[in-house]
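All remarks here apply to the structure that follows.
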Amino acid sequence: MRRQPPSVRVRIALIEVPALLVIALFALTTAAHAGPKSGLHPWVETPRASQPSTVATAPINDTCAGAIQIPCGTFNLAGDTSTANNDYTFPSDSSSCTGFKEDGRDVVYKIVAMAGDSVWVDLSSGTTDAAIYIVTNCSNVAGTCVAGEDSTDVGGTETLRYKFTTAGTYYMIIDSFGDNVGGPWSAIGQLICVVQPPPPVNDRCITATLIPCGLFSFSGTTEFATNDYQFASAGASCFGSAAQGKDVVYRLDVGAGDSVWVNYNSSTDGCVYLVSDCNDVTGTCIAGADKVGANLTEQLRYRFNFGGTYYLILDSKSPNSFGTWTMNGEYVCPQPPQNDLCDYAVGIPCGNFSFAGSTQLAHNYYNFDTDQASCTGYRESGHDLTYTLYATAGDSLWADYYSTADGAIYMVTYCGDTQGTCVVGADNAGVKETEHLRYKFPVSGRYFLILDSFGLDTWGDYTLHGSLVCRRTGVGDAAASGQLELGPPTPNPFRAATAIPFALPQRGRVHLRLLDLQGRVVRTLIEGELPAGTHRLQWDGRDDHGELVRSGVYFVKLSTSEGDAMRRAIFVR
């Protein structure tokens, strides 16, 4: 056998010794697997079975996209934010609605609320400094946080209470104070849902509540109303407010000269305004008030220069704000004069007459199509009043009409066609001047004297002085005899008209009526006060509705404080 050099042997020896140790250890291990734990040395440990590794996952409601909705009623929630992410924080403590950044791990719950719903939550956490807040936009928690609580430290209970003023989707975020901290938590609470009533019946102009003449008092809430009417900006309104809150509407059907005063008090910062077209509140706003804040009274005062329909809108200043409110006031709408229409014209008796008044509350019923078609030379578009007289051919009239407006006076035989039946007119003077009308009647009949004015819807205070000079009709001198006299109708029978003369011994109230054979009143010719002397009225065979009566016998009845008198008249069609 070949000998190895000493150096080689030494190297071999160093290699062989460890090999023997390996063989021995392998034998012991093999024996351990082959036999029971009693044959092993105490320091030999049985290997453990291998375990699969577990990866922590975030809760399903880790973000707003997976938020769990809370139903109406009580709730009892619990969870752990240890495996959640820190998705929602505030840029700084000062920008937070809880007072702190809340940069811990968070989970989210969703609330679909109606205006008037409310929620209360008690949040507890034993290992973290818990916080809770409600936002409307998870992409902007700082800008849309409506309520939040972080008043206690670790182990405390946060109490959140909130009433929803606006319907919508809200997100309730359970968070914590420390940087990326998380832990177990529990929350009990209740989402109190109210069944929202429908909007008020006068939520919009189309269903506005009518305000009658006289005193009025209303109250209510705009909570369930909608925001139908507002202005593009405060500068676009007629009272300096954009009026972007919820609103209700009242309607006024006014005549020129009517007025309204309103005191409007609201628990929000209320405002009140008048418009003539709800489709264009900016362009038709004529008056409004927004001078005081919440729980104070706005005062609106307005006098209408033109008749028409107007809308009184109760609103509030801030976007979609609402409040409980009261409104009291008065719609002052004096009635137009009795002789506003020819149907109710005041009678002018024979002799001198003097009248005074105002056309302010009258309407514009009578005018002409053009200046050229008018018997005065102008259209006469102002407010007008009417007087009536019965004349016999040969009678004459003079009248002086003074008005603070640019007055006009004309006489027609039929008010339904002033243009075609005007017999005389005057419009030669101006404002605060007198018009002079003179006329001799060529034919007998009933005439209407109309007091008018030149400008569109203008009116004025006026006086009317004159005399209807009537020819003698055969009635005796009642003043001399001291008796009431009613002369026979002339002609009688008649087709077109008949004149009815009568004389009064003294000034007094007179009723002159036409009765049928059953004693029913078919026409009242005059019902008013007349001076002593001779008078004459004319009946055209029409009833109080303007319809021709049937042919036949009728009775003329004169009634005064001195007694009654009666004559027979025969009408032939």
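The figures here come from the full heavy-atom set of this structure, side chains too, leaving out hydrogens, waters and symmetry mates.
- Using a 4.5 Å cut-off on side-chain heavy atoms (C-beta onward), Y402 and L464 make no contact.
- Between F239 and F231, the ring centre distance stays below 6.0 Å.
- Side chains of S316 and S321: a donor-acceptor N/O pair is present below 3.5 angstrom, by distance only.
- Ring centroid separation for the pair Y414 and F448 does not come in under the 6.0 Å cut-off.
- Within the structure, no pair that satisfies the salt bridge (Lys or Arg N to Asp or Glu O under 4.0 Å) test touches residues 454-464, not counting sequence neighbours.
- Residues meeting the salt bridge (charged side-chain N to carboxylate O under 4.0 Å, His left out) test with D371, sequence neighbours left out: none.
- The side-chain contact (heavy atoms from CB on, under 4.5 Å) check on A113 picks up I111, D117, F164, Y170, with sequence neighbours excluded.
- Residues in residues 383-400 take part in these salt bridge (Lys or Arg N to Asp or Glu O under 4.0 Å) pairs, two or more places apart or across chains: D395-R536, D400-R438.
- The aromatic rings of F304 and Y331 sit perpendicular, their planes meeting at an angle over 60°, well past the 30° parallel limit.
- Side-chain contact between S267 and N295 is present, with at least one heavy-atom pair separated by less than 4.5 Å.
- In this structure, the side chain to side chain donor-acceptor pair (under 3.5 Å) partners of Y462, at least two apart in sequence or on a different chain, are Y387.
- Comment: K246 does not engage D228 in a salt bridge, judged by the lack of any side-chain N to carboxylate O separation of less than 4.0 angstrom.
- Inspection of the N352 and S467 side chains reveals an N or O donor paired with an N or O acceptor under 3.5 Å.
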Please tabulate, one pair per line, all N/O donor-acceptor pairs under 3.5 Å involving side-chain atoms of residues 494-502, not counting sequence neighbours.
| from | atom 1 | to | atom 2 | distance (Å) |
| --- | --- | --- | --- | --- |
| R495 | NH1 | R573 | O | 3.4 |
| T498 | OG1 | T490 | N | 3.1 |
| T498 | OG1 | T490 | O | 3.3 |
| T498 | OG1 | P491 | O | 2.7 |

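- Ring centers of F441 and Y447: under 6.0 Å apart, within the cut-off.
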